[in-house]
Amino acid sequence: MDKIKGLFCKECKKPYPAEAIHVCEFCFGPLEVAYNYEVIQKNISKEKIMQGPLSLWRYADLLPVESQPTVGLNTGFTPFVHAKNLGKQLGLDYLYLKNDSVNAPTLSFKDRVVAVALTRARELGFDTVACASTGNLANSVSANAAEANFKCFVFIPADLEAGKILGNLVYKPNVVAVEGTYDDVNRLCSEIAGEYPWAFVNINVRPYYSEGSKTLAFETAEALGWQAPDHVVVPIASGSLLTKIYKGFHEFERLNLIPSVTTQIHGAQAEGCSPVATAFKKKKDFIQPVKPDTIAKSLAIGNPADGFYAIKIAQETGGLIESVSDTEIIEGIKLLAENEGIFTETAGGVTIAVLKKLANQGVFQKNKSVVAYITGNGLKTQEAIAPAVGAPWHIQPNLKSFQNTLQKEGK
Ligand SMILES: *Cc1c(COP(=O)(O)O)cnc(C)c1O
């Protein structure tokens, strides 16, 4: 028996074959992978996982691929850091950071979803991969396509950060910069996906792609000695990552790899693009799309596909969804760098700023475990932080000049 039963509609539960399809033709609900957990239960154990590769593929039994992985063999298994300095500032004894800012190969959590999507795309027979991206996804699809010999098209909003545009071009995919927001890019790509036989990682192979995010929960639980944390803080763009972190903990629980899960799942958005936080606070169960205006471009999705599900999970687990201003995002980036030596991008600034906001609101008890997900690297969004980091001391190449400067600076 196979571990993958097929796909099913998240809304009406209608079953589908495990092909490159993503919406239910009856109710237009999103499709999700259906696993045979009895088969998985027979195969999986803590021991087997611990002897597995030091990558996300140690959890292959819970990922939607049928054969050996072929893409992203060095992806995942990123540092899990006990953040003692930042924890002290925020009054938390057990604050942890899952540091995907150093994920391989392209320094963001998107390497996880792309490893799974491209491995599956190859299994399904595609020779061309594509995506609609807020930045990091395009970087990862471009790099992995180069290594795995796929033809590649990436579509991005034209106003992306320079580091993210260059971080596509260097791998020589076809880069298409669209005059519009991410939501415009995504709408265009849905149309293109209907015309060309390509694997659009976050459109027609989205059911497989999104499963890669579960590995952030698996790695967290394993690093905590096979248990789920009390709280997590997760950045929200489409909302997929948040829903899959929840799913990952609950799959581990279901397979008796960890004790029962009581993790409170909190979401983080930028004020300039906070449709999910707004709907959560107003207790609405539909999302009013917005036009993004924030420095957190990687989270700038105005009409988030999984926002509704993210709200349900926050509500069900007793979590909160908060938003922070661009000024707070920059402060968050600096707070993390100065205390923990980790340079994250604007999305990480959102996460840290929301973590701080929740800590100041008294949401976390001092002795509870809290995990914040640092999903991207600061070198990619330098323009956001450049005006806020000061400048070096300029001196002449002699001791006198150095000593004068030391005195002037009061050091
Ligand atoms: C894409 C992205 C996210 C969130 O992704 P969703 O699954 O769409 O919510 C978070 N952080 C970074 C850096 C990203 O690139």
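All ligand and atom numbering here is 1-based and tracks the order in the structure.
With ligand atoms numbered from 1 in the order given, ligand 1 contributes 3 (C), 10 (C), 11 (N) to contacts under 4.0 Å with heavy atoms of Leu299. If you number the atoms of ligand 1 from 1 as listed, the ones under 4.0 Å from a heavy atom of Phe109 come out as 1 (C), 2 (C), 3 (C), 4 (C), 5 (O), 10 (C), 14 (C). Near Leu241, with a cut-off below 4.0 Å to any heavy atom, the atoms of ligand 1 are 6 (P), 7 (O), 9 (O). The ligand atoms of ligand 1 that sit less than 4.0 angstrom from a heavy atom of Pro235 are 10 (C).
The shortest non-hydrogen separation linking Phe77 to Leu54 is CB-O, 3.4 Å. Shortest non-hydrogen contact noted between Phe8 and Lys13 is CB-O, 4.1 Å.
Note: Thr128 OG1 to Asn174 CG = 9.5 Å, rounded to the nearest 0.5 Å.
In this structure, Lys42 places its NZ atom where only 12 or fewer heavy-atom neighbours from other residues, nucleotides or ligands lie under 6.0 Å away. For Glu66, the CD atom is densely surrounded, since the number of other residues' heavy atoms within 6.0 Å is greater than 12.
No N or O atom of Glu345 sits closer than 3.5 Å to an N or O atom of ligand 1. For ligand 1, the polar-atom distance check against Thr375 finds a nitrogen or oxygen pair separated by under 3.5 Å. Between Ile301 and ligand 1, no N or O atom pair is found at a separation short of 3.5 Å. For Asn136, a nitrogen or oxygen atom sits less than 3.5 Å from a nitrogen or oxygen atom of ligand 1, counting backbone and side chain alike. Remark: ligand 1 and Ala237 share an N or O pair separated by less than 3.5 Å (distance only, no angle test).
Side-chain rings of Tyr209 and His22 stay apart, their centers remaining 6.0 Å or farther from each other. Aromatic rings of Tyr96 and Phe80 (six-membered ring for Trp) have centroids within the 6.0 Å cut-off, being under it.
Using a 4.0 Å cut-off between heavy atoms, Ser108 makes no contact with ligand 1 at all. The proximity of Asp306 to ligand 1, defined as any non-hydrogen pair under 4.0 Å, does not occur for either the backbone or the side chain.
Salt bridge annotation for Arg120-Glu123: present, with a cationic side-chain nitrogen under 4.0 angstrom from a carboxylate oxygen.
Atom 15 (O) of ligand 1 has its closest protein heavy atom at Lys110 NZ, 2.8 Å. The protein heavy atom nearest to atom 8 (O) of ligand 1 is Ser238 OG, 2.6 Å.
Classification of the Trp198-Phe153 ring pair by plane angle, with boundaries at 30° and 60°, yields parallel.
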